[in-house]
Amino acid sequence: QVQVVESGGGSVQAGGSLRLSCIASGGFRVNTMAWYRRAPGKERELVAKITDRWTNYADSVKGRFTISRDNAGNTGYLQMNSLKPEDTAVYYCNANVYTFSQGSNDYWGQGTQVTVSS
């Protein structure tokens with residue numbers, strides 16, 4: 001079975017930093033990884049995405065957040081700098097994973113809470 005697990009959330013003051021981690025296990029290949037977030041009273045939004053070729057970011061986090069993967073591609077990171085109160089949200093890792101039995105599918109982590117105080 002494929003499992004996606006995030007970690008690294010916590011509470012920080014505005015201007016601080018956090019690094020989130022995402023481990024995708026149980027698949028043959030991780031095609032892409034992405035980070036989404038859901039803030040209080042708002043819909044889920046895409047924060048950042050990484051493939052084997054490129055990365056992209058939401059305009060609201062450009063210049064502050066950096067998405068990356070390890071060499072094997074199974075572990076992803078979201079480095080978050082210069083955090084703002086509006087970054088407060090539950091952050092979810094999404095991994096598109098190929099398995100021999102099921103092909104390529106999206107898998108979601110359980111979420112990790114990020115709280116930024118002013």
Side-chain angles (χ1 to χ4, degrees):
Q1 61 179 5
V2 175
Q3 185 175 4
V4 177
V5 180
E6 310 102 328
S7 62
S11 298
V12 298
Q13 292 186 348
S17 298
L18 286 172
R19 189 175 79 154
L20 307 183
S21 299
C22 174
I23 300 174
S25 61
F28 177 76
R29 182 180 68 248
V30 179
N31 299 313
T32 64
M33 299 188 78
W35 290 93
Y36 292 78
R37 68 186 181 188
R38 178 172 287 169
K42 298 184 66 177
E43 297 296 319
R44 184 195 67 192
E45 66 172 340
L46 177 65
V47 177
K49 187 174 184 178
I50 185 168
T51 72
D52 60 339
R53 298 294 186 201
W54 47 261
T55 60
N56 68 351
Y57 299 89
D59 288 341
S60 60
V61 307
K62 285 181 179 177
R64 300 188 297 120
F65 291 10
T66 302
I67 189 170
S68 61
R69 297 167 70 177
D70 65 6
N71 289 335
N74 295 325
T75 302
Y77 305 94
L78 185 68
Q79 179 67 46
M80 305 185 294
N81 297 327
S82 302
L83 283 162
K84 304 175 180 179
E86 52 262 44
D87 295 318
T88 295
V90 178
Y91 285 71
Y92 298 90
C93 180
N94 174 273
N96 186 268
V97 180
Y98 176 82
T99 68
F100 290 114
S101 60
Q102 301 295 322
S104 295
N105 292 282
D106 285 355
Y107 299 87
W108 291 90
Q110 80 288 350
T112 185
Q113 176 71 48
V114 172
T115 302
V116 184
S117 62
S118 60

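Along the sequence shown, residues are numbered consecutively beginning with 1.
Ring-plane geometry between Phe28 and Tyr98 is classed as perpendicular, the angle between the planes exceeding 60 degrees on a 0 to 90 degree scale with a lower cut at 30. Using cut-offs of 30° and 60° on the angle between ring planes, the pair Trp108 and Tyr36 is tilted.
Going from atom CD of Glu6 over to atom CG of Asn94 covers 9.5 Å, rounded to the nearest 0.5 Å. One finds the CD atom of Glu45 at 13.0 Å from the OH atom of Tyr92 (value rounded to the nearest 0.5 Å). Interatomic distance, OG1 of Thr32 versus CD1 of Ile50, reported as 10.0 Å (0.5 Å rounding). To the nearest 0.5 angstrom, Lys49 atom NZ is 5.0 Å from Trp54 atom CH2. The CE atom of Met80 sits 11.0 Å away from the OG1 atom of Thr66 when rounded to the nearest 0.5 Å. Between atom OH of residue Tyr91 and atom CG of residue Leu18 there is a gap of 9.0 Å, rounded to the nearest 0.5 Å.
Linking ILVMFWY residues whenever their side-chain heavy atoms come closer than 4.5 Å, directly or via other members, leaves Ile23 and Leu20 in distinct clusters. A chain of hydrophobic side-chain contacts below 4.5 Å, direct or via other Ile, Leu, Val, Met, Phe, Trp or Tyr residues, connects Val114 to Val12. Tyr77 is not connected to Ile67 by any chain of hydrophobic side-chain contacts under 4.5 Å among Ile, Leu, Val, Met, Phe, Trp and Tyr, and they are in different clusters.
Side-chain contact between Cys22 and Val4: present, with at least one pair of heavy atoms (C-beta onward) separated by less than 4.5 Å.
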Please lay out, stage by stage, how Gln13 and Leu83 fare under the test side chain to side chain contact (heavy atoms under 4.5 Å, CB included).
CA-CA 8 Å; Gln13 292 186 348; Leu83 283 162; over 6 Å; no
Dump the intermediate steps for side chain to side chain contact (heavy atoms under 4.5 Å, CB included) on Val61 and Arg37, then the final yes or no.
CA-CA 12 Å; Val61 307; Arg37 68 186 181 188; 4.0 Å; yes
Can you check side chain to side chain contact (heavy atoms under 4.5 Å, CB included) on Asn105 and Val2, steps first, answer last?
CA-CA 10 Å; Asn105 292 282; Val2 175; over 6 Å; no
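The minimum heavy-atom distance between Gly76 and Trp35, with the atom names listed, is O-CZ2, 4.4 Å. When all heavy atoms of Ala89 and Arg38 are compared, the closest pair comes out as CB-O, 3.3 Å. Counting all heavy atoms, side chain and backbone alike, Ser118 lies closest to Ala14 at CA-CB, 4.4 Å. Here the closest non-hydrogen pair linking Met33 and Cys93 is CE-SG, 3.6 Å. The two atoms that bring Asn31 and Ser104 nearest to each other are ND2-OG, 3.2 Å, heavy atoms only. Across Thr112 and Gly9, no two heavy atoms sit closer than the pair OG1-N, 3.2 Å.
For the pair Gln110 (side chain) and Val5 (backbone), a donor-acceptor distance under 3.5 Å is absent. At distances below 3.5 Å, at least one donor-acceptor pair connects side-chain atoms of Thr88 with backbone N or O atoms of Val116. Side-chain N or O atoms of Arg69 include one that pairs as donor or acceptor with a backbone N or O of Val30 at under 3.5 Å.
Salt-bridge formation is not detected for the pair Asp87/Lys84: no Lys NZ or Arg NE/NH1/NH2 atom is positioned less than 4.0 Å from an Asp or Glu carboxylate oxygen.
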